[in-house]
Asker: 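Here it is, the structure in full.
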Amino acid sequence: MIRATELTKRYGPTVAVDELSFTVESGRVTGFLGPNGAGKSTTMRMVLGLDRPTKGAVHIDGSPYRELRHPLRKVGALLDAKAVHGGRTARDHLLCLAQGNSIPASRIGEVLDLVGLAEVAGRRIGGFSLGMSQRLGIAAAMLGDPEVLLFDEPVNGLDPEGILWIRTLMRKLAAEGRTVFVSSHLMSEMAQTADHLIVIGRGRLIADSGTGAFIDRSSQSYVRVGSPRSAELAALLSAKPSGNSAVAVRPSRDSALTVEPPAGSAVESHGDHLRVTGMTAAEIGEVAAAAGIALHEVTLVQPTLEAAYMELTRDSAQYTAEGPTA
Ligand SMILES: Nc1ncnc2c1ncn2[C@@H]1O[C@H](COP(=O)(O)OP(=O)(O)OP(=O)(O)O)[C@@H](O)[C@H]1O
């Protein structure tokens with residue numbers, strides 16, 4: 001478990017991390033998200049004792065990193081995969097790390113197998129592709145069989161096969177009960193990998209919640225409805241709400257239809273289709289059937305993590321391009 005308490009880092013006038021408090025629990029993958037310059041790398045560097053907090057603290061299972069007796073056996077990290085001595089072979093690189101942390105040399109073969117680099121163990125790292133370097137960085141992180149793993153942008157520049165491999169590995173490590181803390185800008189990837197999200201902007205905490213709850217809370221799902229009589233349907237669905245949680249449809253005496261939509265529902269017209277919130281696709285279908293209106297499309301559109309994230313961090317993005325001026 002990683003616990004940050006009022007963690008703060010200033011570089012001169014820049015407040016990179018601002019009174020950040022959060023807990024990264026074991027047994028799940030926790031995604032660490034935020035716009036460029038939000039303070040993710042600085043936070044990770046403080047977790048690993050590479051930067052000293054200006055204020056506050058961060059503990060790994062109760063101890064600051066610098067007080068761990070065998071750090072690699074407690075925490076493994078992939079920060080910058082290319083920041084290695086290019087003249088060494090993969091095996092020698094891992095051997096150096098193992099020797100400094102009282103890790104038996106026999107573990108090197110195991111981690112090389114784990115990351116699929118056994119065949120190139122004797123090759124110099126300088127000639128490795130980005131994907132191979134990422135795998136080597138993960139082998140180094142796994143060397144001490146640590147309970148806590150930190151990955152900073154682990155899928156950056158990887159091909160789809162490499163991305164799938166890292167996703168599967170992270171999920172497996174969390175299922176083994178380890179603490180997995182991973183930063184990424186790839187929202188679709190995080191949606192598939194992370195159980196929990198910590199989102200920061202300008203060094204401050206914006207959200208700390210389960211991935212599903214984060215998406216549900218930040219952005220509404222809606223039903224997209226296509227019909228040749230969409231204006232009529234919109235009029236029926238926009239009638240005075242009943243105050244109930246479900247739609248009520250009743251034939252009136254004059255053979256017209258009385259529809260009472262549920263409280264809080266809304267209908268918007270978007271070009272040739274309607275966007276309906278607060279009603280299910282089935283309810284909309286019932287209303288249309290009762291009114292004899294044909295439907296050409298009824299699609300439940302669920303928000304993506306990317307949409308929820310953009311909505312939440314819009315005000316805290318430091319570097320944004322101006323939109324096209326039409
Ligand atoms: N060594 C440093 N000296 C001065 N300022 C720094 C230093 N390291 C980081 N910063 C500043 O601190 C802020 C946070 O940077 P950081 O790299 O932690 O953000 P990040 O969320 O990891 O960004 P990115 O997603 O772009 O990698 C930025 O404004 C950055 O310019």
Asker: Would you check if E25 and H196 make a side-chain contact, meaning some heavy-atom pair closer than 4.5 Å?
Answerer: no

Asker: Side-chain heavy atoms under 4.5 angstrom apart, residues restricted to Ile, Leu, Val, Met, Phe, Trp, Tyr: same cluster for V182 and L169?
Answerer: yes

Asker: Taking the side chain as everything from C-beta on, heavy atoms only, tell me whether L236 gets closer than 4.5 Å to I293.
Answerer: yes

Asker: Has the side chain of D195 got a donor or acceptor atom that lies under 3.5 Å from a matching backbone atom of V29?
Answerer: yes

Asker: Is E283 reaching over with its side chain to a backbone N or O of T280, donor-acceptor style, under 3.5 angstrom?
Answerer: yes

Asker: Is the number of heavy atoms from other residues, nucleotides or ligands under 6.0 Å of R66 CZ greater than 12?
Answerer: yes

Asker: Sub-3.5 Å donor-acceptor pair from the side chain of K40 to the main-chain atoms of S184, do we have one?
Answerer: no

Asker: Nearest heavy-atom pair of K9 and T54: which atoms, and what distance?
Answerer: CA-OG1, 3.3 Å

Asker: Is the number of heavy atoms from other residues, nucleotides or ligands under 6.0 Å of E306 CD greater than 12?
Answerer: no

Asker: Nearest 0.5 Å please: distance from the NE2 atom of H93 over to the CZ atom of R88.
Answerer: 7.5 Å

Asker: Determine whether a donor-acceptor pair (N or O, by modelled atom type, separation under 3.5 Å) exists between the side chain of S227 and the backbone of A294.
Answerer: yes

Asker: Indicate whether the side chain of R3 and that of H59 have a donor and an acceptor atom separated by less than 3.5 Å.
Answerer: no

Asker: If every non-hydrogen atom of T211 is compared with every non-hydrogen atom of A194, which pair is closest and at what distance?
Answerer: OG1-O, 2.7 Å

Asker: Could you check if a side-chain atom of L173 sits within less than 4.5 angstrom of a side-chain atom of M142, using non-hydrogen atoms only?
Answerer: yes

Asker: To the closest 0.5 Å, what do you measure between CG (L233) and CG (L274)?
Answerer: 6.0 Å

Asker: Does a side-chain N-to-carboxylate-O contact under 4.0 Å join R135 and E161?
Answerer: yes

Asker: Would you indicate whether R107, at its atom CZ, is surrounded by more than 12 heavy atoms from other residues, nucleotides or ligands within a distance under 6.0 Å?
Answerer: yes

Asker: Can you tell me how far CZ of R224 sits from CD of E297, rounded to the nearest 0.5 angstrom?
Answerer: 4.5 Å

Asker: Can you find a pair of side-chain heavy atoms, one from R171 and one from V180, that are under 4.5 Å apart?
Answerer: no

Asker: Considering residues, nucleotides and ligands other than M310, do more than 12 of their heavy atoms fall under 6.0 Å from its CE?
Answerer: no

Asker: In plain terms, say whether R73 and E147 are close enough for a salt bridge, that is, a side-chain N and a carboxylate O under 4.0 Å apart.
Answerer: no

Asker: For the residue pair S221 and T277, what are the closest heavy atoms and their distance?
Answerer: O-CG2, 3.7 Å

Asker: Where do P154 and Q134 come nearest, in terms of heavy atoms and distance?
Answerer: O-NE2, 2.6 Å

Asker: Is the shortest side-chain heavy-atom distance between L197 and T30 below 4.5 Å?
Answerer: no

Asker: Can you measure from CG (L295) to CD1 (I284) and round to the nearest 0.5 angstrom?
Answerer: 8.5 Å

Asker: Do Y65 and P71 come close enough that some side-chain heavy atom pair is under 4.5 Å?
Answerer: yes

Asker: For the hydrophobic clusters of this structure (ILVMFWY residues joined by side-chain heavy atoms under 4.5 Å, transitively), does one cluster hold both M44 and M1?
Answerer: no

Asker: With a 4.0 Å cut-off, would you call D18 and R202 a salt bridge?
Answerer: no

Asker: Please give me the minimum heavy-atom distance between G87 and R124, naming the atom from each residue.
Answerer: O-CG, 3.3 Å

Asker: Can you establish whether the number of heavy atoms outside R229 located under 6.0 Å from its atom CZ is more than 12?
Answerer: yes

Asker: Closest heavy-atom contact between A207 and L312?
Answerer: CB-CD2, 3.7 Å

Asker: Looking at CG of L33 and CE of M190, how far apart are the two atoms once the value is rounded to the nearest 0.5 Å?
Answerer: 6.5 Å

Asker: Rounded to the nearest 0.5 Å, what separates atom CD in E189 from atom CG in L164?
Answerer: 8.5 Å

Asker: Compute whether any side-chain donor of one residue and acceptor of the other, for D152 and S41, lie under 3.5 angstrom apart.
Answerer: yes

Asker: Kindly indicate whether the side chain of F151, heavy atoms from C-beta on, has any atom under 4.5 Å from the side chain of F32.
Answerer: no

Asker: Are side-chain heavy atoms of V148 and R178 found at a separation under 4.5 Å?
Answerer: no

